[in-house]
Structure formats: C-alpha cells, structure tokens
Student: 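The following block contains the structure, expressed as structure tokens.
Atoms within each ligand, like the ligands themselves, are counted from 1 in listed order.
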Amino acid sequence: MSEFKKIGVLTSGGDSPGMNAAVRAVVRSAIERGVEVYGIYKGYRGLIDNEMKKFSYRDVSGCLEKGGTILYSDRCHRFRSLEGQQQAARTCRENGIDGIVVIGGDGTFRGGVDLTAQGIPTIGIPGTIDNDITSTDYTIGFDTAVNTSISMVDRLRDTCESHARANVVEVMGRDAGDIAIEVGISCGAIAIAIKEIAFDEEAFLKKISDGVKSGKRHFIVIVSEGLGDYSEKLAKLIPEATGVETRFARLAHVVRGGAPTLRDRMLATRMGDRAVQCLLQGEANLVMCERNGEITPMDITYALKLDRMYKGKLEEGELRGYSLADISEMRHMCNEKREAMRYMYDLADRLSM
Ligand code: F6P
C-alpha cells in the first residue's frame with residue numbers, strides 16, 4: 001500500500017485532444033488505489049494561486065470524449081521563477097498533496113523537474129498535438145490533430161480538382177514537422193515543406209509544371225508552421241512560376257479541438273494509469289513515453305536533454321554527468337527519429353506526381 005494519501009493533476013501549455021482522457025485515467029486510477037485526487041486548475045498558475053478541487057469518480061464522467069481540458073490550461077510565467085516554484089510547493093504541502101501528475105509538452109516537463117526539486121514528486125504525461133517530444137513515439141493529441149487536418153485537406157482537394165488549382169495549406173507544429181509529414185503523405189500532397197529538411201523549390205515548381213502537362217488538376221502543398229511565413233510566400237510563387245492559380249489556407253487552432261481519436265484515447269488512458277502507478281510506487285521525475293507500442297517511463301531530465309539534442313539546442317557542458325553509454329543511446333534515438341522522418345519525406349516525394 002502506498003504512503004501517498006493525496007495527489008494532484010494539472011494540464012499545462014497548449015491543450016490537446018485526449019488530455020481529458022488522461023485526467024480521467026489519473027483520477028480514477030488513484031481513487032481506485034485508495035488515494036484522493038485534486039484537480040488543479042489553469043496549470044501551474046493554479047498551484048501558485050491554490051485553485052483546486054477534490055475530484056470524485058463522477059467529476060470526470062463524460063469528459064473522455066471531449067476536446068480541450070476540463071482543468072483549463074495556462075503558460076504560467078510566474079512559475080518560471082524560484083519564488084513561484086516555492087509557492088507552488090507550499091500550496092501542495094498546505095493541501096497535503098504528496099505528488100503531482102502534469103500533462104503537457106516540454107515546458108510542462110521543465111516545470112515538473114522544478115517541482116520535484118522543491119520536494120514534490122512529479123510525473124509527466126506528454127500531451128501536445130505537435131508530437132515534438134523526442135523520447136516518445138507519440139504524444140496525446142497528435143493523432144486527432146492529424147486526422148482533423150486530413151479531413152480538411154481532403155475537402156480542399158475536392159475544390160482544387162474542380163478548378164485546376166493549387167492550395168498551400170499551413171498546418172500547426174511550432175518546432176516539429178511531424179503533423180505536416182503525416183498529413184502530406186495521407187493526403188497525397190505534391191510537396192511537403194518542414195523545418196527539419198531543406199526544401200528544393202526548383203524541383204517543386206518543376207513537379208507542378210510537369211503535373212499540369214500530364215493532366216493533373218489538384219496540387220496540395222503542406223507547409224509546417226515552423227517555417228514562418230514561407231507558406232504564404234509559396235502561395236504567391238506558384239502562380240508566378242507555373243501559372244497555376246493558387247489559394248492559401250492556415251488550419252491553425254481549429255485542429256487543436258474536437259473529440260480525440262481512438263488512438264489518443266487509448267494512449268491517454270494507458271499513460272494516465274501508468275503515471276499513477278509510478279507515482280504511488282515512490283517514483284518521481286519521470287515522463288511516460290510510448291516506445292514501440294509499450295508505455296515506457298523515462299527520467300524527465302534525460303528526456304529533456306534528448307529533446308534538446310534532437311532539436312540542436314544543447315549547449316556546451318549540458319551533458320556533463322551522463323555516461324558515454326547514455327549519450328550514445330541519446331544519439332541513437334535522435335538518429336532513429338531523423339531517419340524515420342527522412343524516410344517518410346522521401347516516400348511522400350516519390351509517390352506524389
Ligand atoms: O504546441 C502546440 C501548438 O499548437 C503549436 O503547434 C503552436 O505553434 C502553438 O501551440 C500555438 O500556441 P498558442 O495556443 O499559444 O497560440
């Protein structure tokens with residue numbers, strides 16, 4: 001039996017479909033194990049301002065299939081200061097909260113490390129549509145966002161076909177091209193432009209001109225948000241260089257809402273249950289990851305370094321303290337992810353004409 005009597009759960013950063021399914025799993029798994037659960041509102045801000053409520057089984061009824069987050073979310077600047085972190089830990093102690101589950105992206109996990117350092121054991125669950133957490137194959141919300149994007153791009157393609165047009169579609173993903181790649185492949189886009197792989201503009205324009213000659217009437221181009229205003233530039237360039245009339249669409253936040261897919265509900269439920277299990281076993285500073293279909297907990301600090309390595313953000317000396325074996329494993333994981341992305345990018349390119 002765990003020594004934990006009470007735990008908290010919060011959602012932080014950009015919301016994602018499936019966060020509610022994860023909250024539900026955390027609440028019910030804890031109650032089932034004889035532990036009280038507090039829902040903390042508005043992310044880390046709610047911890048600083050003591051905005052929370054004891055949750056019963058019933059409080060999470062009917063939220064599994066809903067988008068957004070019933071706990072609300074926030075990107076809390078005050079929590080970045082030591083003072084904010086100490087206040088949050090004080091709130092936990094005053095309310096008798098022994099540990100916290102935080103659901104969100106990398107910023108949320110950095111907060112989890114800080115909270116653990118303040119003596120409140122914290123476990124993270126990756127919830128973001130971007131799929132930009134390198135330690136896990138999938139984040140909660142990615143599958144839904146991709147499926148929503150696909151259904152919208154399919155509609156755009158119908159109208160492109162009728163009018164013999166191109167449509168440049170910008171999809172979300174601040175630092176990661178994962179959404180763009182999977183939407184591009186699934187919608188048969190003529191090209192995909194992402195931050196991670198150099199875009200060959202000349203080859204792209206030739207592909208459109210060749211397509212026109214061969215009778216192709218629709219040209220869908222998927223551009224990741226991470227490339228800034230490049231999507232709009234491309235939408236101007238296509239008609240100038242090829243004569244193909246072009247429209248532009250930015251899907252933006254519309255794909256961040258809506259009912260989660262089966263995959264996201266399953267991932268959220270499995271991760272939520274496992275997070276509670278880890279916390280009650282006395283573990284802390286872990287992030288739940290899905291690797292090759294298995295829920296695999298990983299040290300958050302290690303996962304954050306891995307992420308920074310993948311994104312090329314590591315600074316001198318940041319890996320001090322890690323063994324050569326650890327570093328080589330990190331490099332291996334980064335290479336695997338890069339290779340998988342390269343493979344999908346090339347596949348999309350080979351099959352689109
Ligand atoms: O991280 C998820 C995400 O939707 C990104 O794709 C996007 O760049 C960002 O959040 C938008 O943030 P906000 O909701 O603050 O506009």
Student: So does S61 get a backbone contact from the side chain of R24, meaning a donor-acceptor N/O pair under 3.5 Å?
Tutor: no
Student: So which of D15, T128, T144 actually passes side chain to side chain donor-acceptor pair (under 3.5 Å) with R256?
Tutor: D15
Student: To the nearest 0.1 Å, how far is atom 12 (O) of ligand 1 from its closest protein heavy atom, and which atom is that?
Tutor: R75 NH2, 3.0 Å
Student: What protein heavy atom is closest to atom 1 (O) of ligand 1, reported as residue, atom name and distance in Å?
Tutor: D130 OD2, 3.2 Å
Student: Indicate the ring-plane relationship of Y230 and F199, choosing parallel, tilted or perpendicular according to the 30° and 60° boundaries.
Tutor: perpendicular
Student: Measure across I70 and D59 and return the closest heavy-atom pair with its distance rounded to 0.1 Å.
Tutor: CD1-O, 4.3 Å
Student: Do R270 and E290 have side chains that get closer than 4.5 Å, going by heavy atoms?
Tutor: yes
Student: Find all atoms of ligand 1 within a distance of less than 4.0 Å from any non-hydrogen atom belonging to G173, and give their numbers and elements.
Tutor: 6 (O)
Student: Does any N or O atom in I129 lie less than 3.5 angstrom from one in ligand 1, N or O only?
Tutor: no
Student: Which option out of H253, M172, R256 puts a heavy atom nearest to atom 16 (O) of ligand 1?
Tutor: H253
Student: Tell me the protein heavy atom at minimum distance from atom 8 (O) of ligand 1, and give that distance in Å.
Tutor: E225 OE2, 2.8 Å
